[in-house]
Amino acid sequence: MYQYVRDAFPDASVLKLGVTWPLPKNKLETFANMVDEVYCIDEASQYLTSQISALGITLSQTPDLLTLAGELSSRALRVAFGNAEDTAEPEPNLPARPPALCAGCPHRLVFKELARAKCIITGDIGCYTLGALPPLAAMDTTVCMGASISMAHGFELAMEGTDHQNIVAVIGDSTFAHSGITSLLNTVYNQGVGTVCILDNRTTGMTGHQGNPVNGKTLQGRQTRELNLEELVSALGVEDIATVNPNDMKATRQAIKHALETQDKLSVIVFRSPCVLLRDSFIAQAPYFVNGNCTACGSCISLGCPAIEKNPADGTASIEAIMCVGCGQCSQYCAFDAITQSEGGRS
């Protein structure tokens, strides 16, 4: 928000709060006494506005255009404060650029295979929540941290005795350590069934790649005891446990198939592979290329990798080499040997 405000109002005095609890009352009062009017810009919240007002500091009414829903921007701020003439309209017909899992993300094939199996997928909070977006579209619920396992158990109870789709819970390693363990314990205790996928990418991907109990690093980066997921899950009472490299399409497909065929019991699959942004453990390989064998079938496009695009002229695929990390996920879905690490031919 600070960058938006500075861009929208370059001549305004701005107080940027780095810590919002407790609020620095003296600093806020000093700032308010230096200016003619004070506006508090909140995004999707009124926390700061209400708390600063409670300190006795008079705030001017922010325009109603700054709603509690959606994302703000520099342009939205200018329009709200009546400076629309200073703002260029967005160019029409710009191509959409929705958020997506990173190129080479180890979670991609898990979501691809779950979507292929037409499961009901209860999701959780993390970067992997992007699996809910097209073309993967492989997540049906997202409520709060740890809710995926509890919701999967609730779905199974609600649909007991009916013919229903397989139900799979998906949760990240750090989220599982945060609040998924108790949910799994509750499911075991109440003799729940179904499938739980723990996506262990060896870090806390969504909020800064800080350490967590599963990767054996503290928030300060110090080495500590690493939690063994498989042993913990076993200790909770789960008997059917598998550990799979999610970059291996066949292994991923087989593990999910086995779990879904045994839905009369509780299965846990630990999909373990490092996040592509972990430079100390993920090593990028030579990029892949699309050769003349491409039939425009769209299988690789359906993975939603940002390094792969469809050529508008004929529908064939192409790979942006500068974005490709050489994970090879797309090549495993090509039935025509059209994706290789050798440009123009077989590798």
Side-chain angles (χ1 to χ4, degrees), residues 44-45 47 68-69 99 101 105-108 110-115 117-134 136-160 162 164-210 212-215 227 229-230 232-238 240-242 246 255-256 259-260 263 265-272 275:
S45 169
Y47 167 76
L68 294 179
L101 297 171
C105 176
H107 306 326
R108 177 168 280 107
V110 176
F111 287 117
K112 174 65 176 178
E113 291 304 315
L114 288 175
K118 295 180 171 56
C119 303
I120 295 174
I121 304 166
T122 55
D124 225 295
I125 304 299
C127 58
Y128 51 89
T129 311
L130 292 168
L133 299 177
L136 294 171
M139 191 174 290
D140 298 298
T141 69
T142 303
V143 178
C144 62
M145 293 183 72
S148 59
I149 300 175
S150 296
M151 291 190 72
H153 180 43
F155 272 54
E156 290 284 4
L157 291 174
M159 297 182 181
E160 187 176 9
T162 68
H164 63 270
Q165 293 170 263
N166 291 314
I167 301 167
V168 178
V170 175
I171 188 169
D173 54 329
S174 59
T175 308
F176 180 74
H178 179 278
S179 49
I181 297 173
T182 50
S183 296
L184 184 60
L185 174 61
N186 179 71
T187 302
V188 174
Y189 174 67
N190 287 286
Q191 299 180 318
V193 298
T195 301
V196 175
C197 297
I198 303 177
L199 308 182
D200 181 5
N201 65 352
R202 318 305 296 155
T203 190
T204 310
M206 185 176 69
T207 53
H209 287 89
Q210 69 270 31
N212 65 66
V214 180
N215 67 18
L227 173 65
L229 281 176
E230 290 84 351
L232 172 63
V233 171
S234 176
L236 292 177
V238 179
D240 186 18
I241 306 168
I256 292 174
L260 297 183
Q263 285 285 290
K265 62 180 179 180
L266 183 61
S267 300
V268 172
I269 310 173
V270 178
F271 288 103
R272 179 172 291 125
C275 171

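Everything numeric here is computed off the predicted structure, so don't read it as measured data.
- For Gln210 against Thr204, the heavy-atom pair with the smallest separation is O-OG1, 3.1 Å.
- In this structure, the side chains of Phe176 and Ile149 come closer than 4.5 Å at one or more pairs of heavy atoms.
- The list of side-chain hydrogen bond (donor to acceptor under 3.5 Å, both in side chains) pairs with a residue in residues 168-180, not counting sequence neighbours, reads Tyr128-Thr175.
- Going from atom OG of Ser267 over to atom CG of Asp240 covers 3.5 Å, rounded to the nearest 0.5 Å.
- Between Asp200 and Phe271 there is no side-chain heavy-atom pair separated by less than 4.5 Å.
- When side chains are defined from C-beta on, Ile167 counts as touching Met159, because their heavy atoms get closer than 4.5 Å.
- Side-chain N or O atoms of His164 include one that pairs as donor or acceptor with a backbone N or O of Thr162 at under 3.5 Å.
- In terms of heavy-atom proximity, Gly123 sits nearest to Ser148 at O-CB, 3.2 Å.
- Of the possible polar contacts, none joining the Thr122 side chain to the Val170 backbone as a donor-acceptor pair under 3.5 Å is found.
- Under the side-chain contact (heavy atoms from CB on, under 4.5 Å) test applied with Val268, the options Val188, Val233, Leu236 reduce to a single match, Val233.
- When the options Val193, Asn186, Leu266 are evaluated for a side-chain contact (heavy atoms from CB on, under 4.5 Å) with His153, the one that passes is Asn186.
- Side-chain atoms of Glu230 never come within 3.5 Å of backbone atoms of Ile241 as a donor-acceptor pair (strictly under, hydrogens ignored).
- Between Phe111 and Leu130, every side-chain heavy-atom pair lies at or beyond the 4.5 Å cut-off.
- A distance of 9.5 Å separates OG in Ser150 from CG in Leu184, rounded to the nearest 0.5 Å.
- Using a distance-only test at 3.5 Å, with no hydrogens or angles considered, a donor-acceptor pair links the side chain of Ser183 to the main chain of Gly146.
- Residues Pro246 and Leu199 fail the side-chain proximity criterion, which asks for heavy atoms closer than 4.5 Å.
- Of the possible polar contacts, one joining the Asn212 side chain to the Val214 backbone as a donor-acceptor pair under 3.5 Å is found.
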